[in-house]
Amino acid sequence: EDHRLFLHAVQNPDDKSEVRKALTTLYFNLSYKKLLSATEEEFFQWQKMFYDFKQFSIQKGILSLLEEIMSKTRALPLSLLKINGERTASNLKQLFQFLSDLVLEKSFSLEELIEHLEHLRLNKSSIPLQMDRETDCVQIMTLHASKGLQFPVVFLGSVIFQNPSPRQDKLCFYSDG
């Protein structure tokens, strides 16, 4: 949804409502409070950025626009600051690759790309994303992230025992089988 909203604002930079929606997406992550407190000059600068994106797409094409969006927005750095940020960043990169492939394969214009994203959204179609983790590797995660997952071997780092016991210094092993 964020991608569609962002591209709508690129397509319609005169529409202040579209620009505001795009500014609250993962690309900029501006709060409504920040948007409401923005001066006319600040909003004009944001709107100008969307004009520039539109001109860029007209002059250099949609593929170049997608690359420009990735380099000019804060989507990747902002996604890394969130819970599961690496997964979000990886998904974002894969989404841009998917969109780039679509543009190359079907020669989509900006309008056609937006329509295609809208079609995917309405049909609740998902974009195929690949897990970038190898199955035979060490996975380091928080207890929260591991909830519901099973692993053959688990190491707990930095475990602090509240009630010291005489067996505290011994390795504990539990086998399911």
Side-chain angles (χ1 to χ4, degrees), residues 1-103 108-133 139-149:
E1 181 67 4
D2 282 0
H3 319 294
R4 190 184 62 79
L5 291 173
F6 186 89
L7 291 173
H8 264 292
V10 171
Q11 185 181 27
N12 306 302
D14 290 324
D15 187 333
K16 290 182 178 185
S17 174
E18 294 288 342
V19 171
R20 282 188 189 95
K21 289 177 195 174
L23 290 169
T24 62
T25 65
L26 64 85
Y27 292 97
F28 299 97
N29 204 32
L30 292 180
S31 67
Y32 289 110
K33 182 180 178 182
K34 173 70 175 165
L35 281 174
L36 292 174
S37 67
T39 65
E40 286 290 320
E41 178 61 28
E42 286 175 310
F43 190 80
F44 175 77
Q45 291 302 318
W46 291 326
Q47 201 170 19
K48 182 182 179 313
M49 178 180 46
F50 285 97
Y51 279 113
D52 293 344
F53 279 135
K54 183 174 184 175
Q55 287 305 312
F56 194 90
S57 72
I58 291 168
Q59 294 169 357
K60 300 198 177 186
I62 304 303
L63 283 178
S64 295
L65 171 66
L66 294 174
E67 291 172 5
E68 185 75 355
I69 289 170
M70 285 295 280
S71 70
K72 295 282 183 180
T73 67
R74 302 180 329 188
L76 280 176
L78 285 173
S79 65
L80 289 171
L81 296 175
K82 296 182 179 184
I83 294 174
N84 294 324
E86 288 182 16
R87 167 64 30 223
T88 303
S90 175
N91 288 349
L92 189 59
K93 288 178 187 176
Q94 288 182 51
L95 173 71
F96 273 91
Q97 186 59 53
F98 174 80
L99 295 176
S100 297
D101 292 347
L102 268 178
V103 169
F108 278 155
S109 66
L110 180 57
E111 184 177 342
E112 292 167 328
L113 183 59
I114 293 169
E115 286 174 10
H116 188 75
L117 287 173
E118 181 68 16
H119 174 76
L120 290 174
R121 186 182 71 86
L122 291 174
N123 291 323
K124 298 186 188 317
S125 300
S126 62
I127 295 170
L129 298 174
Q130 300 172 351
M131 293 296 284
D132 57 356
R133 293 183 178 156
Q139 296 183 27
I140 299 173
M141 61 184 68
T142 64
L143 188 61
H144 178 75
S146 68
K147 187 175 180 179
L149 301 175

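- Under the side-chain hydrogen bond (donor to acceptor under 3.5 Å, both in side chains) criterion, Ser109 pairs with Glu112, not counting sequence neighbours.
- Closest of all the heavy-atom pairs between Ile69 and Phe6 is CD1-CE2, 3.3 Å.
- Atom CD of Glu115 is separated from atom CD of Gln11 by 8.0 Å, given to the nearest 0.5 angstrom.
- The side-chain hydrogen bond (donor to acceptor under 3.5 Å, both in side chains) test applied to Asp101 returns Gln97, not counting sequence neighbours.
- A search for side-chain hydrogen bond (donor to acceptor under 3.5 Å, both in side chains) contacts involving Lys16 returns nothing, not counting sequence neighbours.
- Put simply, the side chain of Glu18 never gets that close to the backbone of Pro13: no donor and acceptor are under 3.5 Å apart.
- Summarising the geometry of Phe53 relative to Leu65, their closest heavy-atom pair is O-CD1, 3.5 Å, with the distance given to 0.1 Å.
- For Thr24 against Lys21, the heavy-atom pair with the smallest separation is OG1-O, 2.7 Å.
- Note: Ile62 CD1 to Glu67 CD = 12.0 Å, rounded to the nearest 0.5 Å.
- For the residue pair Arg20 and Leu35, the shortest heavy atom distance occurs at O-CD1, 3.6 Å.
- Closest non-hydrogen pair, Leu7 versus Ile114, comes out as O-CD1, 3.4 Å.
- Under the 30°/60° scheme for interplanar angles, the aromatic rings of His116 and Phe108 are found to be tilted.
- The two residues Phe56 and Ser64 come nearest to each other via the heavy atoms CE2-O, 3.2 Å.
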